[in-house]
Every structure is written in structure tokens, then in C-alpha cells.
Amino acid sequence: VVATKVFEFWTVKERNKILKTLETYKTDRKENLTFILLMGFYTGMRIREILNCKWKWFHFKKVKGKTLGSVSIMNEPGIFTTKSGKTRRIPMPDVLVDFVQTMKRGNPDDYVLHSEIGAETEKVSGRRYCPRSLYEKFIKHCGYTVKGNGFHKMRHTYAHSRIEAGTTEAKIVEWLGCSWKTYKKHY
């Protein structure tokens, strides 16, 4: 008998509890934490993609008085490459559009998240910005254990929410930036 791994996701109730807790959570890096959580829950982006996100990836347009938005995850050879090697564009829900528009924008080539961790920590982590301790502390504050509740669980939550909403599997695969085989195996 071959054991299969069950891929877990946050339920709507759990996600809402996390986002509600975030409203009153005290941290000097709240904007970064909020950005990471909203991008994870509402775009399914990998944490590496969120951390390397630049302002030029965002697109907004007014349609009948309403602002619509999307994010394009773009390859930049020598700096950042998506796992699939392909650029993809993901629509953003209103809550994410509204939040991103409140953030202080830099130049188009600037990263959305600025490093707030000492260079020594960054060198050890191998990342430009490493929010693991910030995220883990917050998840514990919400009443959840860290084990099994990492960043990637938000990606599974996004995929599950799209399935529940009736989005075609082809669109979900496109937005997640994964292969059909990976999608079938994990989601």
C-alpha cells in the first residue's frame, strides 16, 4: 500500500480568524506581514515570489468606476526566475487591490517588501528578506501550531478556494504556475 500525503489548507473560518487577528496584531512589520498573508491567501503565489515582488508587477485599471487589479509574476534573469520559468498574471480580489493601493509605492523596479533584518541573518537564510520568524510568531498568536502551517499552506488554500468557486482547473494551473501533473498530485 502506497501512502499518499494529504495536502492541507486553511478553512474559510481559519483564514478569516487569521485575517481578523491581524487587524489588532501589534508588530513594527505589520504592513509586510499583511502583504505576505493577503498575497498568499488571495493569489497563491509562492513565498519566494512574494518576497521578490516588485511594484512593476502590479497592474490597475478603472472599469465603470471600480478599480480592478492583477499581479504579473515576472522573470528577471540573474535576479529572479519563477519555478516554471514562465511569467504569469493573476487577478486580485478587491481586498488585495485596496490594500496594495494603500501601500507606499517605490520606483517600478523597487521591491515591495524592504529588508528589515540584519545582513548577517539574510546571508544565513540566503534570501533578500526572510519573514519566517515574523510569520511563525503571528501564527502562534492566532492559536495555531507552526508545524504543518507554513507559508505553502496559503497556496493550497488559494487553490482550494478557486476550486470551490468553480474556476476551471486550466485557469487554476495557469495562475499557480505549476504543471498539470503537479496540480493533480497536490490539489
Side-chain angles (χ1 to χ4, degrees), residues 5-55 57-58 60 66-71 73 90-106 110-118 121-122 124-167 172 175-178 186-187:
K5 184 175 180 180
V6 175
F7 289 89
E8 295 189 17
F9 55 88
W10 297 103
T11 65
V12 171
K13 185 177 178 181
E14 290 169 329
R15 183 193 66 203
N16 290 346
K17 176 185 174 184
I18 289 167
L19 295 177
K20 187 72 175 164
T21 302
L22 183 62
E23 292 175 12
T24 57
Y25 186 67
K26 304 281 188 229
T27 177
D28 59 347
R29 295 185 280 162
K30 188 168 185 174
E31 184 174 75
N32 284 3
L33 180 60
T34 303
F35 182 77
I36 290 165
L37 292 170
L38 292 178
M39 292 298 284
F41 281 133
Y42 295 118
T43 68
M45 289 170 64
R46 295 173 180 91
I47 188 63
R48 197 170 125 275
E49 295 167 339
I50 295 169
L51 298 180
N52 283 285
C53 192
K54 293 188 175 184
W55 286 112
W57 292 12
F58 290 96
F60 299 99
K66 181 178 177 173
T67 303
L68 303 177
S70 64
V71 58
I73 300 135
I90 307 167
M92 299 188 319
D94 294 345
V95 65
L96 187 52
V97 169
D98 293 345
F99 177 75
V100 170
Q101 289 190 314
T102 67
M103 295 177 76
K104 185 179 180 201
R105 286 178 164 264
D110 287 349
Y111 292 103
V112 175
L113 297 177
H114 294 283
S115 178
E116 297 170 354
I117 299 172
T121 303
E122 289 179 31
V124 171
S125 71
R127 290 187 177 157
R128 187 187 64 74
Y129 174 77
C130 185
R132 183 169 308 283
S133 63
L134 173 67
Y135 175 80
E136 289 177 354
K137 184 178 177 183
F138 175 70
I139 290 301
K140 287 178 187 175
H141 178 81
C142 291
Y144 301 106
T145 61
V146 172
K147 185 173 176 152
N149 292 319
F151 295 120
H152 207 73
K153 190 170 180 177
M154 289 186 287
R155 185 170 165 80
H156 290 273
T157 303
Y158 171 76
H160 182 76
S161 72
R162 296 296 79 220
I163 292 166
E164 291 289 310
T167 305
I172 296 169
W175 292 339
L176 289 173
C178 62
H186 293 255
Y187 305 100

*asked:* Met45 and side chain to side chain contact (heavy atoms under 4.5 Å, CB included): which single residue from Ile50, Leu51, Asn52 fits?
replied: Ile50

*Considering all heavy atoms of both residues, which atom of Leu68 and which atom of Val97 are nearest to each other, and what is their separation?*
C-CG2, 4.4 Å

*Just by modelled atom types, is the Gly150 backbone N or O under 3.5 Å from a matching donor or acceptor in the Tyr135 side chain?*
yes

*Quick one: pull up CD in Glu31 and OG1 in Thr102 and give me the separation to the nearest 0.5 Å.*
6.5 Å

*Would you name the heavy atoms of Gly106 and Trp55 that are closest together and state the gap between them?*
N-NE1, 3.2 Å

*According to the interplanar angle, ranging from 0 to 90°, do the rings of His160 and Phe9 count as parallel (below 30°), tilted (30 to 60°) or perpendicular (above 60°)?*
parallel

_Could you walk me through whether Lys17 and Glu14 satisfy the salt bridge (charged side-chain N to carboxylate O under 4.0 Å, His left out) test, starting with their C-alpha distance in whole Å, then the side-chain angles of each, then the deciding distance to 0.1 Å, before giving a yes or no?_
CA-CA 5 Å; Lys17 176 185 174 184; Glu14 290 169 329; over 6 Å; no

*Considering residues at least two apart in sequence or located in another chain, which fulfil the side-chain hydrogen bond (donor to acceptor under 3.5 Å, both in side chains) criterion with Thr27?*
none

*So which heavy atom on Thr24 is nearest to which on Lys30, and how close?*
N-NZ, 4.0 Å

_Nearest 0.5 angstrom please: Leu96 CG to Gln101 CD, how far?_
10.0 Å

*Euclidean distance, Met39 CE relative to Ile73 CD1, rounded to 0.5 Å*: 7.0 Å

*How about Lys137: does its NZ atom have over 12 heavy atoms from other parts shown lying under 6.0 Å from it?*
no

*Just by distance, with hydrogens left out, do Asn16 and Lys20 show a side-chain donor and acceptor under 3.5 Å apart?*
no

*Which pair of heavy atoms, one from Trp10 and one from Arg15, lies closest together, and at what distance?*
CB-N, 4.3 Å

*What distance separates Tyr25 OH from Ile18 CD1, expressed to the nearest 0.5 Å?*
12.5 Å

*Under 3.5 Å donor-acceptor, Thr167 side chain and Ile172 backbone*: no

*Grab the two heavy atoms, one from Thr21 and one from His141, that are nearest each other, plus how far apart they are.*
CG2-CD2, 3.5 Å

_Tell me every residue that passes side-chain contact (heavy atoms from CB on, under 4.5 Å) with Pro91, counting only those two or more places apart in sequence or in another chain._
Trp175

*Kindly assign one of parallel, tilted or perpendicular to the pair Phe58 and Phe60, based on the angle between their ring planes and the thresholds 30° and 60°.*
parallel

*Drop me the distance from Asn32's CG to Leu113's CG, to the nearest 0.5 angstrom.*
4.5 Å

*Under the side chain to side chain contact (heavy atoms under 4.5 Å, CB included) rule, what do Asp94 and Lys66 come out as? Steps first, then yes or no, please.*
CA-CA 9 Å; Asp94 294 345; Lys66 181 178 177 173; 3.1 Å; yes

*Would Glu8 and Lys153 count as a side chain to side chain contact (heavy atoms under 4.5 Å, CB included) if you check the C-alpha gap in whole Å, the side-chain angles of each, and the deciding distance to 0.1 Å?*
CA-CA 7 Å; Glu8 295 189 17; Lys153 190 170 180 177; 4.0 Å; yes

*How long is the span from the CG atom in Leu22 to the CG atom in Leu33, to the nearest 0.5 Å?*
5.5 Å

*Can you name the nearest heavy-atom pair linking Leu176 to Gly44, along with the distance?*
CD2-O, 4.0 Å

_In terms of relative ring orientation, are Phe35 and Phe99 parallel, tilted or perpendicular, with 30° and 60° separating the classes?_
tilted

